[in-house]
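Everything below concerns the one structure shown next.
Nothing here was measured: the structure is a model prediction, and the numbers come from that model.
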Number of protein chains: 2
Amino acid sequence: MLKFAILELLHRKPLSGYELKRRFQGSIVFFWRANHSQIYLELKRMEKAGLVVSNQVPQDRRPTKKVYAVTAKGLEALVQWLRGRPKLQSVKDEMLLKCFAFNLIAPDEAAAQLTHHRKLHEVRLEHYIKIKQQLEARHGDLLETSDPILFWNVLCLRQAIASERMYIGWCGWALARHHDFTDKQRSTSFDGGEQLDGRLAN
Amino acid sequence: MLKFAILELLHRKPLSGYELKRRFQGSIVFFWRANHSQIYLELKRMEKAGLVVSNQVPQDRRPTKKVYAVTAKGLEALVQWLRGRPKLQSVKDEMLLKCFAFNLIAPDEAAAQLTHHRKLHEVRLEHYIKIKQQLEARHGDLLETSDPILFWNVLCLRQAIASERMYIGWCGWALARHHDFTDKQRSTSFDGGEQLDGRLAN
DNA sequence: TCTGCCATGTAACAAGTTACATGATTGA
DNA sequence: TCAATCATGTAACTTGTTACATGGCAGA
């Protein structure tokens, strides 16, 4: 699938492996990621398969780079793939996997984990919003654009933003519920209040 | 990481590989998945590492199964892992990756993709809601529970539900925006109305 | 001179997917 | 008898991660 992510980026503009890596950290990160070792290998495989062609571009004051461009065959492969129905993505979220067994650690630790994780998502949200603002600065009202590339870009970006907001909201909600829960536990399982009353009543 | 998902399930109750597979299709799917070939291999590796122990359990009217249980070492490994800070999950969503390049296919096809994908998420949401209702039928008001295992379970389930709702909402929003967009494109790029007026004015 | 960025790669390993393979039991 | 479910595995392959490795250029 990385193949197609690369084709999508290259069809907009020929890029070197290094530049592709940077794009992956920029716009496309919302829904795909890759590290450079994977990208370089994939590019070679794709060139062998005739989906892309490379050529060396000398630069001044910088090392020569190897710029890849999509071939007709590559574009066709991309379009064919776009027409296929994607399956549901299988969720894999380490935080939620941990959360599932947080009964095994102290309540305070669990709360700290949630708070910390919320922070991470807040940072990511900020990053996405910054990207959106940059686009707005350059193109004005994004939903009024007549550029289809930009249009779809913006839809994807919105999804990413909505997703982060949802996650952050959930963290807050979970923290509140956790707070209620530990409060209740304290008042019923320690030697005071209700329990003691209960015993006295026997 | 699959290792820890397995430890989480086994610490609740010893299970065979086959039963684990079923759990992965049931509750834990919200944030992790695995197929049986992976599970069986992982269990063997974990047994070699002393994290679990197995024993054969003959059953009547059914094939003998090999039930795994967590060892003290396994439980310790699980708790250590729980204390660590998870990184942000890296999003990988094939649908969004495609969406990013939907300018390359016909607007109708793109809309059909969005509609189809929304349906998939609706089905998944239904599934989650059914699970929640089953839990409610068994335990009453889930947020009032005093069982920490159930409590964390429910928090995770809520995240999964919120996530599906967000996605479905986004699909609807995207479809509406896409509709506006293609309308606008039609009125400005075909040979009629404004464009023709423009030419006549020359 | 030293840090940081540009630029490209390889190697070893871990994780995940798909297909192949077997065999018992149950109920229609 | 035939399909479905229970039950467990292996093999081949694809993907993804981490670490290792190199070297130029720019600016402090």
* Among C:dC6, C:dA15, D:dT15, find the nucleotide with the atom closest to the side chain of A:Pro63. => C:dC6
* **Working for salt bridge (Lys or Arg N to Asp or Glu O under 4.0 Å), residues A:Glu136 and A:Lys132** => CA-CA 6 Å; A:Glu136 273 163 354; A:Lys132 189 172 157 242; 3.7 Å; yes
* Structure fact -> Rounded to the nearest 0.5 angstrom, the CE-CD distance for B:Met95 and A:Gln159 is 10.0 Å
* Would you mind reading off the distance between B:Leu41 atom CG and D:dC13 atom C1', rounded to a whole angstrom? => 14 Å
* To do: Find which nucleotide of DNA chain C each of B:Arg62 and A:Lys87 is nearest to by heavy atoms, and output the residue with the more 5' nucleotide.
  => A:Lys87
* Structure fact -> Rounded to whole Å, the CG-C1' distance (B:Leu20 to D:dG9) equals 15 Å
* Between B:His36 (NE2) and D:dA7 (P), how many Å, whole number? -> 14 Å
* Looking at A:Lys98 and A:Glu94, does any basic side-chain N land under 4.0 Å from a carboxylate oxygen? -> yes
* Check whether any side-chain N or O of A:Lys3 sits under 4.0 Å from OP1 or OP2 of D:dT14, and answer yes or no. => no
* Asked: Would you call the rings of B:Phe151 and A:His178 parallel, tilted or perpendicular, where under 30° means parallel and over 60° means perpendicular?
  -> tilted
* Structure fact -> Here the distance between atom P of C:dT18 and atom CG of B:Asn35, to the nearest Å, is 8 Å
* Side-chain N or O of B:Lys44 less than 4.0 angstrom from OP1 or OP2 on D:dG9? -> yes
* Asked: Taking atom C1' of D:dG16 as reference, at what distance in whole Å does atom NZ of B:Lys92 sit?
  -> 6 Å
* Whole-Å distance between C:dC13 P and B:Leu2 CG? -> 21 Å
* Out of D:dT8, C:dG9, C:dG16, which nucleotide sits closest to the side chain of B:Trp32? -> C:dG16
* Is any side-chain N of the basic residue among A:Lys13 and A:Glu19 closer than 4.0 Å to the acidic one's carboxylate O? -> no
* Structure fact -> Testing C:dG9, D:dG16, C:dG16 for proximity to the side chain of A:Gln38, the answer is D:dG16
* Could you give the CD-to-C1' distance, from B:Gln59 to C:dT25, as a whole number of Å? -> 11 Å
* Between D:dT8 and B:Tyr18, is there an OP1 or OP2 to side-chain N/O distance shorter than 4.0 Å? -> no
* Asked: Can you find a side chain N or O atom of A:Arg22 that sits less than 4.0 Å from OP1 or OP2 on C:dC6?
  -> yes
* Between C:dT26 and B:Arg61, is there an OP1 or OP2 to side-chain N/O distance shorter than 4.0 Å? -> yes
* Nucleotide C:dT17, atom C1' - distance to CD of B:Glu42 in whole Å -> 15 Å
* Residue A:Ser37, side-chain heavy atoms: nucleotide from C:dA19, C:dA11, C:dG16 that is nearest -> C:dA11
* Structure fact -> Comparing A:Asp60 with A:Arg33, nearest DNA chain D nucleotide closer to 5' gives the residue A:Arg33
* Does B:Arg45 have a side-chain nitrogen or oxygen under 4.0 Å from the phosphate oxygens OP1 or OP2 of C:dA14? -> no
